[in-house]
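Just below is one structure, and these are the notes that go with it.
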2 protein chains.
Amino acid sequence: MAEDARGRLIDAAGRAFAERGFEGASVRDICSDAGVNVAAINYHFGDKQSLYVACLEQAQCSESQQTLRAADPSLPPEARLHGFIRGMLAAQGDPDRPRWHNALMLREMAHPTSAAAEVLKRYIRPLAETLREILEQLSPGVSGMPHDGWPVGFSVVSQVLFYAVHRPVARLLMGEAEHDALDVDFLADHITRFSLAALGRGPNIVGPSAAPSAGIRKTVSR
Amino acid sequence: MAEDARGRLIDAAGRAFAERGFEGASVRDICSDAGVNVAAINYHFGDKQSLYVACLEQAQCSESQQTLRAADPSLPPEARLHGFIRGMLAAQGDPDRPRWHNALMLREMAHPTSAAAEVLKRYIRPLAETLREILEQLSPGVSGMPHDGWPVGFSVVSQVLFYAVHRPVARLLMGEAEHDALDVDFLADHITRFSLAALGRGPNIVGPSAAPSAGIRKTVSR
DNA sequence: CGACAATTCAAACGACCGTTTGAAACAATC
DNA sequence: GATTGTTTCAAACGGTCGTTTGAATTGTCG
């Protein structure tokens, strides 16, 4: 029963921190949610801050299969990009992975605490390097563009991050029903095609074919 | 001296709310910052929550000239898009407009409170409609795409929002010096060209010419 | 069973929270 | 100068915060 209380605390705290922020989540609510005494935080972690760090560490450990697949340099770059994008999108709604993992990381990145540097080094930086490698493979010379090509990479990931950070806005703008009809596959296809077209590596977005290009579908999806 | 205390309170509170969030900002800190007594919040606004709403209303009132310019349907759509993007970017660093205005809105949109619906209706919705109109003018038929073309609009604005929401990450990834070298004009040009290329209305990003197309520059910039 | 460590518990700690009070200070009008 | 309404102030309110305490409980092993 020892590790159990610790684990339940991290899970309850992670959900609370992700939803209401560090200041907004009270230790009493967290402990009540986890079904443990308030003193358990002090016993297992020391204090609230250390519990928060433990949540971040837990959130860092899980990584999507799809994102890993994208790292395989033997695949065609279009498929790698699609896998990368789909992987990031899927991580948001992965039922095997607690929802709060992504939300907590996003909070930490938007309003960094002292723990942000570690998260960036271990979690964000590898993702960024993978994407840069894919983009360079896709369009040689992109790394040599102004500001080392970072803005191109940002233009790609920003489209993915939008649906994680600004989901409430998108929901209200589109209408709930229409928004809930968006699924991971559709968004991954859209963002991939938008980005490929911008890089001159695919047909533009408003073409006659609304279906994703066959080359992408056959190598990555399902 | 009456309206002065009220105004100083809104300014101090806006900065505090934007930086540390509603829960993280204490009324004592805010009042100390504004140079007023703690009871002033109750006297001028009623309570902390109403002060927060007052800050949001203040933040809504200011709008960038550039964004307005983009609403002019007589301009060529490429120039309107560039104006729209540059306007949103410029609002982030506008010295005439307190920095907290944008930050507070972004917080409200990422983690909506009960006041979010009003903000969306009065501030976000008009922006979204303007963009949709520009995109439809740019690429007729985009509104008829799946999900009413919303994903296309999201792909454009997300690139702008990235630099507002994830600035700390971008800073750490690129390195401080390189990041601070990014200016509004460069980013506006980059995002516009990326989006136009995706829509098939311009050369792709990694072309021989790193300079923005003349048609955009001459109508909008400076 | 008895000894010992690991874990949980109810209760309380001081500090800070948002809010309120009633009097003092100020401004404007007669 | 007296009157009236507006604004500021120091002080305190009850409540919740994160944290601590020391005893009670549980689990482990000789």
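Naming: A, B, ... by sequence-line order, numbering from 1 per chain. It should be emphasised that the depicted structure is a prediction, and the values quoted were computed from it without experimental measurement.
The interatomic distance linking A:Asp47 (CG) with C:dC13 (P) rounds to 22 Å, in whole Å. A:Leu9 places its CG atom 13 Å from the P atom of C:dT7, with the value rounded to the nearest Å. The separation between B:Lys48 atom NZ and C:dG18 atom P is 4 Å, rounded to whole Å. Atoms CG (A:Asn37) and C1' (C:dC9) sit 5 Å apart, rounded to a whole Å. With rounding to whole Å, B:Asn42 atom CG is found 15 Å from D:dT6 atom C1'. D:dG18 atom C1' lies 15 Å from atom CZ of A:Phe45, rounded to whole Å. If you take CD of A:Glu23 and P of C:dG18, they are 11 Å apart, rounded to a whole angstrom. The distance from atom OH of B:Tyr43 to atom P of C:dT19 is 18 Å, rounded to the nearest whole Å.
Of the candidate nucleotides D:dT21, D:dT8, D:dC9, D:dT8 has the atom nearest to the side chain of B:Ala5.
Checking A:Ser155 against B:Gln159 by side-chain atom types alone, a donor-acceptor pair falls below 3.5 Å. If you check the side chains of A:His101 and A:Gln58, you find no donor sitting under 3.5 Å from an acceptor.
Contact check of residues 24-31 of chain B against DNA chain C (heavy atom, cut-off under 4.0 Å) returns B:Ala25, B:Ser26, B:Val27, B:Arg28.
Classification of the A:Phe154-B:Tyr163 ring pair by plane angle, with boundaries at 30° and 60°, yields perpendicular. Using bins of under 30°, 30° to 60° and over 60° for the plane-to-plane angle, the ring pair A:His190/A:Phe186 lands in the parallel bin.
A salt bridge links A:Asp180 with A:Arg171; the closest basic N to acidic carboxylate O contact falls under 4.0 Å.
The side chain of A:His44 places an N or O atom within less than 4.0 Å of a non-bridging phosphate oxygen (OP1 or OP2) of C:dT8.
For A:Glu19, the CD atom sits in a loose shell: 12 or fewer heavy atoms of surrounding residues, nucleotides or ligands are nearer than 6.0 Å.
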